[in-house]
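Remarks on the structure that follows.
All values below come from the heavy atoms of this structure, side chains included, with hydrogens, waters and symmetry mates left out.
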Amino acid sequence: MMMMMMKRVALLACFLLFLTLHACLSDALSNSTGQALALLKWKATLQSLTKPSVLPSWTVSPGSARASPCRWYGIHCQGDSVSRINLTSYGVEGNFHAFPFSSLPDLEELDLSINGLFGTIPSQINQLSKLTYLDLSYNDLSGEIPLQIGQLIHLKTLHLVQNQFNGSVPEEIGQLESLEGLALHNNFLNGPIPSSLGNLANLTYLYMLNNSLSGNIPSEMGNLTNLQNLYIAINQLTGSIPSELGHMRSLSKLVLYKNNLSGFIPPSFGNLTSLTILQLYENKLFGPIPEELGNLQSLIFLELSQNQLSGSVPSSFSNLSNLETLLLRDNRLSGPIPQEIGNFMNMWMLELDINQFTGELPQNVCRGGALEYFVANDNHFRGPIPQNLQNCSSLKRLRLERNRLTGNISEDFGVYPSLIFVGLSDNEFYGEISPKWALCHNLSSLSIARNNITGRIPPELGDSVQLQALDFSSNRLVGEIPTELTKLTSLSRLILSGNQLSGGIPREVGSFSNLEYLDLSANGLSQSIPETIGDMLKLFYLNLSSNNFSQIIPAQIGMLIQLTELDLSHNMLSGEIPAQFQSLESLSTLNLSYNYLSGRITIFNELRGLVYVDIAHNELQGPIPDVPAFQKASIQALEGNEGLCGNLSGLKPCNLSKKGHRKLLYAIIFPLLGAAILSIAILALFFGFKRHRKDAEEESESSMIDANLFTISSFDGKLLYSEIRSATKNFSSQFCIGKGGYGNVYRVELSSGDIVAVKKVHPLHSDEVRSTKEFQNEVMAFIDIRHRNIVKFYGFCWSAEHSFLVYKYLEKGSLATNLSNEAAAKELDWDKRVNIIKGVAHALSYLHHDCSPPIVHRDISSNNILLDLEFEANISDFGIAKLLNPDSSNWTDLAGTYGYVAPELAYTMKVTEKCDVYSFGVLIMEVIMGSHPGDLISTLPSSSLEMRLLVEDVLDQRPLPPLPDVQGQLISLMKIAFMCLADKPNSRPTMYAVSQLLVD
C-alpha cells in the first residue's frame, strides 16, 4: 500500500514539473514572438539606404505560430529575449515613432549609429531600464535630448554625436552615476553646461565640442577625478577657467579652444601631470603663462595661440622634454625664448609668430631631426638662424620674415627635400641666392624680399618647376632676368622690384601662363616690352614702372582682360596708347605718367570700371574722357600734357564747333531737366506726406490712401493698402518674420495668391527725422532700379497711422539665416554659394556704374542678402543707401553693420563706391567660411599656395567638399575678396571690374 502511495506521489510530481516547464516554455516562446512582431512593426516604417539591405532578414514564416528575432541581422539575444540591437552603418532610414520600447525590457545595448534616422527621441526611452550602451550618433535626429534619459541608471555609454539636437543638456544626465563615456559633440546644443555633470564620478571621457554651449565652465567638473579626455571646444563659453579643473589628475587631453574664455590660465593646471594635450587657443585669455605648466612632463601638444597672453615664456618649459608641438602665435608675449626648447628631440612643430619676442632663436631647434614646421615671423628676433637648421632635412615650412635676423644666406641654409614654403623677408640677411634652393624639389613659395642680398638670380631656379611664388624684391640683385625662369609654368606671383636688374624682359615671358602678379618695377630694365607679355592671360597686376623701357606699348597688353592694375610710369615709352586698351574692362588703376606717349585718349571712354588714372607728363592731346576716373582726377595726374583740354580746373577748355556746342548743351540740359522733374515729383510727394500728416485727423481713410499710397507695380494701390492691413490683422505679431531698428517685416498672403513682404516703419517719435530720411532713401533708391539681383519693389504708403514699403517675398530668407542653420547650410552647396556671390557682384556693379547718380548701398551684409526658392541672391534694405552727388563731397555719418564697414569711414566719413566693395569682400569670405571671417580679414596671403592653404583651412565643412574645378573657383573668389579688402580704397577694384571677373 505504501509503495502504491509513493508511486502516485512521484507521478503527481512529474506531472506538476511538466506543467511548470510547459508554462515557462510557452512564456518564453510568447515573449520571443512578441518581440519579433513588435520589431516587425518598426521595420515596416523603415527604409534601407544601402544595397543589399539587412532588413529582409527580419521576417517570419507565413502562418508560423512561433517567431524569434534572435537570428536576424543585427539582433542578439540572451536566452530567447533580445539583449542587443546593433545596426550601425546598415543604411537604415526612419524614426523612432514605432520603436518597441515596452517590448524590449531586457535590452542592454542599442547601437543605431551612422544611419539615416530622423525625428526626435521619444520619452518612452526610459522603458529600456536595463540599457548600458546607447549610441545614436551620425544620424539626422533633432529636437531636445529627453529628460527621461536620466532614468537609465545602468547606462555606461551615451553617444549622440553629429545630429541636430538643440536645447540644453539635461541636468538629469547627472543622475547616470554609472556613466563612463558621454559624447554629445557636433550638435546645436545651447545653454549652460549642467553642474550636475560633476556627479559622474566614473566618467572617463566627455565630448561636447562644436555646439553653442554658453555660460561658465562649472567648477563642479573638478570632481571628475577619473576623467581622461575633456573636449568642450568650439562653443560660446565665457568667464574664467575654474582652478578646480586642476583636481582632475587623470586628465590626459584638455581641449577648450575656440570659445570666449577669459582671465588667467590657472596655475593649478600644473597638477595635471598626466596631461598630453592642452589646447586653449582662440580665446580671450590674458596674463602670463603659468610657470607651473613646466611640471607637465608628459605634455606632447601645447597650443596657446590667438589669445592676449603677455610676459615671457616660462623657463620651466625647458622641462617639457616630450613636447612635439608648441604653438604660441598671435599673443603679446615678449622677452627671449628659453634656449633649452631647441633641445627637444621630438619637436616637429614650433610656432612663435606674431608676438614681441626678442633675443636669439633657439639654436638647437632641429636637434632631434624631426622639425617640420618652424614659424617665428613678426617678432624682434635678432642674431643668426639656428645652428643646425642647415641639416634639418625634415623641414616643410619655414617662416622667419619681419625680424632682425642676420647671416650669410648663401651659407646658412641647406637642401630640404620636403620644404614647401620659405619666408625670409624683412631681415638683415646678406650674401647671394644659392642655387641649392633649386634642389628643394617640393618648394612652392620662396620669399627673400627686403634684405641685403647681392649677386645674380641663379638660373638653376628654372628647374624648380613646382614654384608658385617668387619674391626677391628690394635687394641689390644685378644682372639680367634669367631666361630659365620662364620654365616656371606654375608660377602665379613673381616680384623682382627694387633691385638693379638690367637687360630686357625675356621674350619667353609668355610661358608664364599661370602668372597673376608681376612686379618688375624700380630696376634698370631696358629695351622694348615684349609682345609675348599678352600671353599671360591670368595676369591681374602688372607693374613695369621706373625702368628704362622704350619704344611703343605693345598692343597685346590689351589681351590681358583680367588686368585690374597697370603701371608703366617712369619709362621712355613713346607712340600712341594702343586702341586695344579699350578691352581692359577690368582695369581700375592705370598709371602711364612720365613717358613720351602721344595721341588722343578717347579709348578710355569705354573703361567704365576705371577708378584711378595718372597720365601726367606725356605728349597726349585732345579732350579728357567722360568717365569718372578722368573727370575726378587731380590736375597733378593730368599735367604736363600741353594738348589736353577739358572742363577741369588747370586744363584749358576744348574748342568745340557749333555742332559740338550743341551736343554739349544737350548733354548738360537733358540730364539736368530729367533730374529736376524727378526731384520735383519726389519733393511734391513727400511734402504731400507731411501736409497729410498734419491734417490726418480731419481726413477720411480713403483720402489718406489716395494722397499717400504710391504704387510702382501693377497692384492697385488702394486695394493693396486695405488688403495688407486686413491680411496682417492690422500688423499682428503673428505675421512678423523679422525685426530691426528701422522697422519690422511681415509676410502677407494676398487674395490673388501673391505673397509679398511688407516692411512697416516704426512709429515716428524722437527719431522722426532719421526714420523719415531712411524711408525716403529707400523709396528714392528703388524708383528707377531694376535688376534681377535686387529685391523687387512694389510700392509704399506714408500715413499718420501706418507707413510701410512693399516688396516681393523671398522664400528662403536671408543669407545670414541660411548660413547659421546647419541643415540650410548643408543645402547651400558650393555651386549655389558661388552663384550667390556672382549675383551680389552684378547687382552692386549695376548700382555703382549703371545708375545715375550712382547708388552706394552702405550696408552690404549677409542679413541684407535675401534668397529665393532657387537660391538666387537679392540685395535688400536700402534704408541708409547714398545717392552719390558728383558735385559734393558725399560726407555722411558712420553707418552700416559692424564687421562689414570699410575702415576709412571711421576717420573720413566720406562715402564712395569702395565702401560697398570692402563689404562685398567680407561677404565673399563669409560665404566661403560659413561665418563672419573676423580677424582673418587682416591676414593677407602672399602667394597662391598660401591662398590655397587658407581656403582649405577655413572652408565651411557643412556642405559636401567642392569638386576640383569648384575649389579653383573658391580660391579665385578668395583672391578677389582680399583685393576688395585692401586698406586703401583706391587699391580696391571697382564692382564693375569684379563683375567682369565673375562673368561665366
Side-chain angles (χ1 to χ4, degrees), residues 492 515-519 534 536-543 557-568 577 580-592 603-615 625-633 637 787 789 834 837-852 854-857 860 873 875 884 902 904 912-925 940 947 969 971-1000:
S492 65
L515 203 65
E516 300 171 355
Y517 192 106
L518 176 60
D519 190 349
M536 296 186 290
L537 299 179
K538 292 186 178 181
L539 212 60
F540 70 81
Y541 180 95
L542 176 59
N543 191 343
I557 287 183
M559 299 170 61
L560 306 178
I561 59 174
Q562 296 197 44
L563 207 60
T564 62
E565 188 164 341
L566 174 61
D567 192 343
L568 303 178
I577 300 171
Q580 289 81 354
F581 268 37
Q582 63 188 344
S583 300
L584 302 178
E585 296 181 349
S586 299
L587 200 63
S588 64
T589 300
L590 173 66
N591 193 342
L592 301 176
I603 56 169
F604 294 119
N605 283 313
E606 305 298 322
L607 301 185
R608 298 176 56 87
L610 204 58
V611 173
Y612 173 84
V613 65
D614 189 347
I615 56 172
D626 187 21
V627 295
F630 280 91
Q631 297 297 324
K632 297 178 182 179
H787 193 277
N789 296 112
V834 170
I837 293 172
K838 289 181 178 179
V840 176
H842 298 328
L844 286 175
S845 175
Y846 168 82
L847 292 171
H848 293 181
H849 302 284
D850 295 315
C851 293
S852 183
I855 298 173
V856 179
H857 187 278
I860 294 297
I875 297 179
L884 294 188
E904 66 270 14
T912 69
E913 295 96 328
K914 294 305 179 74
C915 301
D916 281 351
V917 175
Y918 182 91
S919 302
F920 178 71
V922 178
L923 187 76
I924 292 178
M925 296 186 69
L940 181 64
M947 183 70 72
Q969 291 184 60
I971 293 170
S972 299
L973 286 173
M974 191 69 90
K975 292 177 183 176
I976 292 173
F978 277 110
M979 291 163 58
C980 295
L981 293 170
D983 288 335
K984 296 180 180 179
N986 284 342
S987 297
R988 299 171 199 154
T990 64
M991 285 310 305
Y992 180 82
V994 171
S995 178
Q996 292 301 304
L997 289 174
L998 297 178
V999 171
D1000 292 327

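- Within the 4.5 Å cutoff, no side-chain heavy atoms of Leu590 are placed close to those of Asp614.
- For Tyr541, the side chain to side chain donor-acceptor pair (under 3.5 Å) test picks out Asn543, with sequence neighbours left out.
- Taking both residues in full, the closest heavy atoms of Ser588 and Pro989 are given as OG-CA, 3.9 Å, listed atom of the first, atom of the second, then distance.
- Taking CD from Glu565 and CG from Asp519, the interatomic distance works out to 9.5 Å, rounded to the nearest 0.5 Å.
- Across all their heavy atoms, Glu913 and Pro854 have their closest contact at OE2-CB, 3.9 Å.
- At a threshold of 4.5 Å between non-hydrogen side-chain atoms, the residues Met925 and Met974 count as touching.
- Rounded to the nearest 0.5 angstrom, Leu607 CG and Glu585 CD are separated by 7.5 Å.
- Taking each heavy atom of Val627 and Asn605 in turn, the nearest pair found is CG1-O, 3.6 Å.
- At least one side-chain heavy atom of Gln969 sits less than 4.5 Å from a side-chain heavy atom of Lys838.
- For the pair Leu537/Gln562, no side-chain contact is recorded, criterion being any heavy-atom separation below 4.5 Å from C-beta on.
- Side chain of Asp916 to backbone of His857: a donor-acceptor contact under 3.5 angstrom is found.
- Residues meeting the ring-ring contact (aromatic ring centres under 6.0 Å, His included) test with Tyr992, sequence neighbours left out: His849.
- Taken from CD in Gln580 to CD1 in Ile557, the straight-line distance is 10.5 Å, to the nearest 0.5 Å.
- Nearest approach of Gly558 to Ser583, heavy atoms of both residues: O-CB, 3.5 Å.
- Side chain of Lys914 to main chain of Thr990: no donor-acceptor pair is present (N/O by atom type, distance under 3.5 Å, no hydrogens or angles).
- By the 4.5 Å heavy-atom criterion applied to side chains, Ile875 and His787 are not counted as neighbours.
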Problem - Residue pair Val994, Cys980: steps toward the side-chain contact (heavy atoms from CB on, under 4.5 Å) verdict - result: CA-CA 9 Å; Val994 171; Cys980 295; 4.2 Å; yes
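- The structure places CG of Leu998 at 7.5 Å from CE of Met991, a figure rounded to the nearest 0.5 Å.
- In this structure Gln631 satisfies the side chain to side chain contact (heavy atoms under 4.5 Å, CB included) test together with Ile624, Asp626, sequence neighbours excluded.
- When every heavy atom of Ser987 is checked against every heavy atom of Ala982, the shortest pair comes out as CB-CB, 3.8 Å.
- Between Val922 and Leu981 there is a side-chain heavy-atom pair separated by less than 4.5 Å.
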Exercise for the section: Begin with the C-alpha distance, continue with both residues' side-chain angles, and end with the deciding distance and a verdict on side-chain contact (heavy atoms from CB on, under 4.5 Å) for Met979 and Phe540. Expected result: CA-CA 10 Å; Met979 291 163 58; Phe540 70 81; 4.2 Å; yes
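- Inter-residue side-chain proximity for Asn789 and Leu844 is flagged as unmet; no heavy-atom pair is nearer than 4.5 Å.
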Problem - Phe920 vs Ile837, side-chain contact (heavy atoms from CB on, under 4.5 Å): CA-CA, chis, key distance, verdict - result: CA-CA 9 Å; Phe920 178 71; Ile837 293 172; 3.8 Å; yes
Practice task
Begin with the C-alpha distance, continue with both residues' side-chain angles, and end with the deciding distance and a verdict on side-chain contact (heavy atoms from CB on, under 4.5 Å) for Leu997 and Ile976.
Solution key: CA-CA 9 Å; Leu997 289 174; Ile976 292 173; 4.2 Å; yes
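- Across Val613 and Phe630, no two heavy atoms sit closer than the pair CG2-CZ, 3.6 Å.
- How far CG of Leu973 is from CG of Leu923: 11.0 Å, rounded to the nearest 0.5 Å.
- In this structure, CG on Asn591 lies 4.5 Å from CG on Asp567, to the nearest 0.5 angstrom.
- At least one side-chain heavy atom of Leu539 sits less than 4.5 Å from a side-chain heavy atom of Leu518.
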